[in-house]
Colleague: 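For reference, the structure I am asking about is given below.
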Amino acid sequence: MTSGERDRKATLRTRLRAGRRGAVLPRMVDEVLSAVAEFGVSPGETVCAYVASAAEPGSLAMVEALRAHGLRVLLPVVVGDGLDWAAYDGRLRVGAFGLREPEGALLGAEAVGSAALVLVPALAVDRSGVRLGKGGGYYDRVLRLAAGPVVAVVRDEEFVPSLPAEPHDVRVDAVLTPARGVVRLPSL
């Protein structure tokens with residue numbers, strides 16, 4: 001990736017974060033349950049999800065709805081420069097970067113491979129599955145281990161025609177937005 005492309009990514013992140021400031025972000029409860037149905041995830045199976053920060057689509061209610069649907073929910077835990085996973089049992093603590101994390105035992109980064117569905121936050125996603133995150137690479141490092149479909153949760157206007165990509169970027173299989181629901185993306 002050229003320095004111009006890196007600058008474009010940084011500019012996009014700044015613009016997208018600014019667009020979220022003061023916005024009412026969707027809770028994504030019904031949308032996430034429709035994704036569970038779309039991908040044929042059954043009660044008792046595992047779903048990786050996240051607890052949305054104040055600047056991300058999603059909510060704790062979204063995570064609770066997954067649990068109420070009979071799914072085992074794993075949430076990310078920041079450990080060093082990577083993500084680990086722990087089962088969500090209703091208890092959260094404040095972790096790295098002020099993120100809410102489950103209190104349970106760490107299961108290892110490879111636990112993402114046991115998930116029938118992986119829901120991830122993003123600042124934007126393009127039509128080829130390029131996901132623009134916050135820039136730390138945490139999700140890119142762990143999503144390589146995912147076996148189930150990876151679905152990025154964004155606002156409708158954050159599903160865009162194209163984004164700059166780097167070789168380490170892990171493409172997502174689908175995007176989930178409030179108005180469009182699940183949009184499956186072409187595999188490359």
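The basis for the numbers below is simple: all heavy atoms, side chains too, and nothing from hydrogens, waters or symmetry mates. Quick note: residue numbers are just sequence positions, from 1.
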Colleague: For a quick test of reading the model, state the closest non-hydrogen atom pair linking S59 to R27 and the distance between them.
Modeller: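 Here S59 and R27 meet closest at OG-O, 3.0 Å.
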
Colleague: What pairs of donor and acceptor atoms, side-chain ones from residues 60-81 against any protein atom, are under 3.5 angstrom apart with sequence neighbours left out?
Modeller:
{"unit_1": "E64", "atom_1": "OE2", "unit_2": "Y88", "atom_2": "OH", "d": "2.4"}
{"unit_1": "R72", "atom_1": "NH1", "unit_2": "T46", "atom_2": "OG1", "d": "3.4"}

Colleague: When you measure from the side chain of D84 to the backbone N and O of L106, does any donor-acceptor pair fall under 3.5 Å?
Modeller: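 Not at all, since once roles are kept as given, no pair shorter than 3.5 Å links the two residues.
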
Colleague: When rounded to the nearest 0.5 angstrom, what distance separates CD in E157 from CG in L16?
Modeller: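 CG of L16 is found 9.0 Å from CD of E157.
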
Colleague: Taking side-chain contact (heavy atoms from CB on, under 4.5 Å) as the criterion, tell me which of V32, D173, V150, V36 meets it with L117.
Modeller: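 In the set V32, D173, V150, V36, the residue that makes a side-chain contact (heavy atoms from CB on, under 4.5 Å) with L117 is V36.
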
Colleague: To the nearest 0.5 Å, how far apart are CD in E101 and CG in L92?
Modeller: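 CG of L92 is found 9.0 Å from CD of E101.
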
Colleague: For residues P178 and E31, determine if any side-chain heavy atom of one lies less than 4.5 Å from a side-chain heavy atom of the other.
Modeller: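 Yes - at least one pair of side-chain heavy atoms lies under 4.5 Å apart.
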
Colleague: Is it the case that the side chain of R180 and the backbone of V175 share a donor-acceptor pair, with hydrogens and angles ignored and the cut-off at 3.5 Å?
Modeller: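 Absent.
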
Colleague: Could you pull out the closest heavy-atom pair between V118 and A146, with the gap in Å?
Modeller: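 Closest approach of V118 to A146, heavy atoms only: CG2-CB, 4.2 Å.
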
Colleague: Using side-chain heavy atoms (C-beta onward) and a distance below 4.5 Å, is E110 in contact with W85?
Modeller: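 Contact flag for E110/W85 side chains = no.
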
Colleague: Kindly give the heavy-atom pair with the smallest separation between A105 and A86, and that separation in Å.
Modeller: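 In terms of heavy atoms, the two residues are closest at O-CB, 3.5 Å.
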
Colleague: Are L163 and V120 joined in one hydrophobic group, where the rule is that I, L, V, M, F, W and Y side chains link up if heavy atoms are under 4.5 Å apart?
Modeller: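 Not linked; separate clusters.
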
Colleague: Please say yes or no: joined through hydrophobic side-chain contacts below 4.5 Å, possibly via intermediate residues, are V130 and V183 part of one cluster?
Modeller: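 Each belongs to a different hydrophobic cluster.
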
Colleague: For F159, what residues pass the ring-ring contact (aromatic ring centres under 6.0 Å, His included) criterion, not counting sequence neighbours?
Modeller: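 Not a single residue meets the ring-ring contact (aromatic ring centres under 6.0 Å, His included) criterion with F159.
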
Colleague: Do the side chains of F39 and R184 get nearer than 4.5 Å, heavy atoms only?
Modeller: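 Of all side-chain heavy-atom pairs linking F39 with R184, at least one is under 4.5 Å.
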
Colleague: Check the pair R131, V170 against side chain to side chain contact (heavy atoms under 4.5 Å, CB included), reporting the backbone distance first and the verdict last.
Modeller: CA-CA 7 Å; R131 175 187 162 275; V170 175; over 6 Å; no

Colleague: As a quick check of understanding, evaluate salt bridge (Lys or Arg N to Asp or Glu O under 4.0 Å) for E56 and R155, giving each step before the final call.
Modeller: CA-CA 9 Å; E56 292 174 327; R155 299 184 310 157; over 6 Å; no

Colleague: To the nearest 0.5 Å, how far apart are CG in L99 and OG in S53?
Modeller: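 Between L99 CG and S53 OG, I get 7.0 Å after rounding to 0.5 Å.
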
Colleague: Would you sort out whether V172 and V151 count as a side chain to side chain contact (heavy atoms under 4.5 Å, CB included), showing the intermediate values?
Modeller: CA-CA 6 Å; V172 298; V151 179; over 6 Å; no

Colleague: To the nearest 0.5 Å, what is the distance between OG (S34) and CE (M28)?
Modeller: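 These two atoms lie 8.0 Å from each other.
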
Colleague: Closest heavy-atom contact between D169 and K9?
Modeller: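 The pair with the smallest heavy-atom distance is OD2-NZ, 3.1 Å.
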
Colleague: Can you sort out the partners of D156 under side chain to side chain donor-acceptor pair (under 3.5 Å), two or more places apart, ordered by chain and number?
Modeller: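 Residues passing side chain to side chain donor-acceptor pair (under 3.5 Å) with D156: T177.
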
Colleague: Would you say Y139 and L12 are hydrophobically clustered, going by side-chain heavy atoms of ILVMFWY under 4.5 Å?
Modeller: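 Y139 does not cluster with L12.
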
Colleague: Give the minimum heavy-atom separation between R8 and P164, together with the two atoms involved.
Modeller: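 Here R8 and P164 meet closest at NH1-CD, 3.3 Å.
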
Colleague: Among R17, R20, R13, whose salt bridge (Lys or Arg N to Asp or Glu O under 4.0 Å) with E158 holds?
Modeller: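 The single option meeting the salt bridge (Lys or Arg N to Asp or Glu O under 4.0 Å) with E158 is R20.
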
Colleague: Can you name the closest pair of heavy atoms from L176 and A35 and give their distance?
Modeller: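 Distance-wise, the nearest heavy atoms are CD2-CB, 4.3 Å.
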
Colleague: Given the rule that I, L, V, M, F, W and Y join up when any side-chain heavy atoms are under 4.5 Å apart, are L132 and L185 in one cluster?
Modeller: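 L132 does not cluster with L185.
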
Colleague: Does the cation-pi check pass for R141 over Y138, that is, NZ or CZ under 6.0 Å from the six-membered ring centre and within 45° of its axis?
Modeller: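 Because its charged atom sits under 6.0 Å from the ring centre and within 45° of the axis, R141 does stack over Y138.
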
Colleague: Do Y50 and V154 sit in the same hydrophobic cluster, where Ile, Leu, Val, Met, Phe, Trp and Tyr count as joined when their side-chain heavy atoms come under 4.5 Å apart?
Modeller: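 Yes, one cluster joins them.
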
Colleague: I'd like to know if D140 pairs up with R171 as an ion pair, taking the criterion as any Lys NZ or Arg NE/NH1/NH2 lying under 4.0 Å from an Asp or Glu carboxylate oxygen.
Modeller: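 Not counted as a salt bridge, because no side-chain N and carboxylate O are separated by less than 4.0 Å.
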
Colleague: Counting N and O atoms only, with roles assigned by atom type, does the side chain of R144 sit under 3.5 Å from a partner on the main chain of H168, one being a donor and the other an acceptor?
Modeller: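 Answer holds: yes.
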
Colleague: Can you find a pair of side-chain heavy atoms, one from V160 and one from V125, that are under 4.5 Å apart?
Modeller: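 V160 does not reach V125 side chain to side chain.
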
